[in-house]
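Within every chain, numbering begins at 1; the chains are lettered A, B, ... in the order of the sequence lines, protein sequences first and strands thereafter.
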Protein chains: 2
Amino acid sequence: MGLSKSEVFSEADNRMADLAKAFAHPARVAILRLLAQRKACVCGDLVDELPLSQATVSQHLKELKRIGIIQGSIDPPRVCYCINEQVWEEAEEAFGGVFALFSKVGCC
Amino acid sequence: MGLSKSEVFSEADNRMADLAKAFAHPARVAILRLLAQRKACVCGDLVDELPLSQATVSQHLKELKRIGIIQGSIDPPRVCYCINEQVWEEAEEAFGGVFALFSKVGCC
DNA sequence: ATTTTGCATCGCAATATTACGATGATATAT
DNA sequence: ATATATCATCGTAATATTGCGATGCAAAAT
């Protein structure tokens with residue numbers, strides 16, 4: 001079908017999947033790296049740093065905003081994006097929690 | 001277009017995106033949680049735990065194998081899946097590295 | 001008032017993903 | 001040999017994602 005049956009999974013798994021989507025495309029990884037290091041903030045600077053059109057970058061920024069991991073504050077005519085600290089830490093803890101589940105005791 | 005221009009991004013960003021894809025669907029998160037906790041290992045048990053058809057689960061397992069984060073060993077007629085420790089740690093370090101980039105000093 | 005700047009959104013095209021029934025493959029059990 | 005059990009793959013359908021040109025919109029500058 002193409003639609004992920006999100007209603008049959010736990011809230012935690014759905015949120016985790018959404019947070020992972022923020023990192024599931026190289027352009028978004030690049031954007032998040034830049035913002036985390038504060039090497040760029042204004043949308044135009046991000047476009048300059050990335051090998052993608054302005055429209056495409058804007059779309060990735062929209063997706064990151066939807067997830068909540070970044071936020072934008074307007075400074076006309078510019079828009080300055082930055083990491084949303086709370087969601088960033090939520091993601092850090094979510095991944096940390098899953099990675100911590102694994103205990104290395106061979107099974108197969 | 002629909003094809004991610006992976007050739008224009010760094011190896012690191014592409015790999016990071018691939019590792020994130022392992023967690024970018026609730027079913028795969030559920031599978032990885034189960035395997036990390038070793039609550040299930042045989043494919044059939046995973047199918048029992050998940051609200052998806054056997055074919056769909058098998059497809060997610062294939063994707064996880066492609067990324068390398070799990071591996072399967074045949075035990076006819078069963079197949080036992082488990083976390084690939086090396087790739088699991090690679091992912092842990094990759095995410096840890098990105099999360100560590102962020103230093104909270106408000107910019108906008 | 002018109003132009004320019006910076007960014008969002010629309011519309012389109014192409015590819016990718018998700019899901020499942022049906023079928024195939026393989027090895028054990030009868 | 002046939003049946004059963006387990007899992008992979010094929011084929012198909014529906015939806016999602018990726019990318020970009022063109023356009024829209026708001027505020028500043030001229």
Side-chain angles (χ1 to χ4, degrees), chain A residues 1-9 13-14 17-18 20-31 34-35 40-67 70-82 108, chain B residues 1-9 13-14 17-32 34-35 40-67 70-82 108:
Chain A
M1 298 193 201
L3 74 184
S4 126
K5 299 171 62 178
S6 57
E7 65 285 355
V8 298
F9 295 102
D13 286 354
N14 278 311
D18 240 22
K21 275 186 189 173
F23 297 89
H25 188 287
R28 293 197 289 271
V29 173
I31 290 172
L34 288 168
L35 293 184
C41 179
V42 172
C43 178
D45 295 343
L46 290 169
V47 173
D48 290 344
E49 297 279 350
L50 299 169
L52 296 172
S53 75
Q54 182 265 324
T56 302
V57 172
S58 192
Q59 201 167 339
H60 283 302
L61 290 170
K62 184 181 179 182
E63 174 67 3
L64 291 173
K65 267 193 295 183
R66 182 192 67 76
I67 295 166
I70 70 170
Q71 58 196 14
S73 58
I74 59 173
D75 175 25
R78 287 168 239 266
V79 176
C80 178
Y81 285 101
C82 59
C108 50
Chain B
M1 298 195 198
L3 75 185
S4 126
K5 299 171 64 178
S6 56
E7 66 283 356
V8 298
F9 295 103
D13 287 354
N14 278 311
D18 241 21
L19 290 170
K21 275 187 190 174
F23 297 90
H25 188 288
R28 293 198 289 270
V29 173
I31 290 173
L32 291 173
L34 287 168
L35 293 184
C41 180
V42 172
C43 176
D45 295 343
L46 289 169
V47 173
D48 291 343
E49 297 278 350
L50 298 169
L52 296 172
S53 76
Q54 181 265 325
T56 302
V57 172
S58 192
Q59 201 168 337
H60 283 301
L61 291 171
K62 184 181 179 181
E63 175 67 3
L64 291 173
K65 266 194 294 183
R66 182 191 66 77
I67 295 166
I70 70 170
Q71 59 195 15
S73 58
I74 59 173
D75 173 26
R78 288 167 237 265
V79 176
C80 178
Y81 284 102
C82 59
C108 50

Legend entry - Separation of atom CZ in R66(B) from atom P in dT9(D), rounded to whole Å: 14 Å
Legend entry - Separation of dG6(C) P from D75(A) CG (nearest whole Å): 12 Å
Inset, instruction - State the CZ-CG distance between F23(B) and D13(A), to the nearest 0.5 angstrom. - result: 11.0 Å
Inset, instruction - For each nucleotide in nucleotides 20-29 of chain D, reading 5' to 3', give B when a protein heavy atom comes within less than 4.0 Å of its base, S when such contact involves only the sugar-phosphate, and - otherwise. - result: BB-----S--
Inset, instruction - Round to a whole Å and report the spacing from NE2 of H25(B) to P of dT18(C). - result: 5 Å
Legend entry - Backbone N/O of A40(B) and side chain of D45(B): donor-acceptor pair under 3.5 Å: no
Inset, instruction - Hey, could you give me the OH/CG distance between Y81(B) and L61(B), rounded to the nearest 0.5 Å? - result: 5.0 Å
Legend entry - Non-hydrogen side-chain atoms of Q71(A) and C82(A) separated by less than 4.5 Å: yes
Legend entry - Short side-chain N/O contact from R28(B) to OP1 or OP2 of dT18(C), under 4.0 Å: yes
Inset, instruction - Tell me which of S4(A) and V79(A) sits closer to the 5' end of DNA chain C, going by the nucleotide each one is nearest to. - result: V79(A)
Inset, instruction - Give the nucleotide from the list dT6(D), dG19(D), dA19(C) with an atom nearest to the side chain of R78(B). - result: dT6(D)
Inset, instruction - With heavy atoms under 4.0 Å as the rule, sort S58(B) into base, sugar-phosphate or nothing. - result: base
Legend entry - Nearest-angstrom distance from the residue atom CG of L61(A) to P of dT9(C): 11 Å
Inset, instruction - Please determine if a side-chain N or O atom of K21(A) lies less than 4.0 Å away from the OP1 or OP2 oxygen of dA16(D). - result: no
Legend entry - Separation of atom CG in D18(A) from atom P in dT17(C), rounded to whole Å: 17 Å
Inset, instruction - Taking the two cysteines C80(B) and C41(B), decide whether their SG atoms are closer than 2.5 angstrom. - result: yes
Inset, instruction - Look at H60(B) and dT17(C) and indicate whether a side-chain polar atom (N or O) is within less than 4.0 Å of OP1 or OP2. - result: no
Inset, instruction - Could you state the atom-to-atom distance from CD1 of I74(B) to C1' of dT28(C) in whole Å? - result: 13 Å
Inset, instruction - Specify the residues of residues 42-50 of chain B, ordered by number, for which at least one heavy atom lies under 4.0 angstrom from an atom of DNA chain C. - result: none
Legend entry - Check: R28(B) side chain, L64(B) main-chain N or O, donor-acceptor pair, under 3.5 Å: no
Inset, instruction - Measure the distance from CD on E63(B) to P on dT17(C) and round it to the nearest whole Å. - result: 6 Å
Legend entry - Rounded distance (nearest 0.5 Å) linking atom CD1 of I70(A) with atom NE2 of H60(A): 11.5 Å
Inset, instruction - Please say whether more than 12 non-hydrogen atoms of neighbouring residues, nucleotides or ligands are located less than 6.0 Å from CG in L3(A). - result: yes
Inset, instruction - Measure from CG on N14(A) to P on dT18(C) and round the result to the nearest Å. - result: 13 Å
Legend entry - Reported NZ-to-OG distance for the pair K65(B) and S58(B), which is rounded to 0.5 angstrom: 7.0 Å
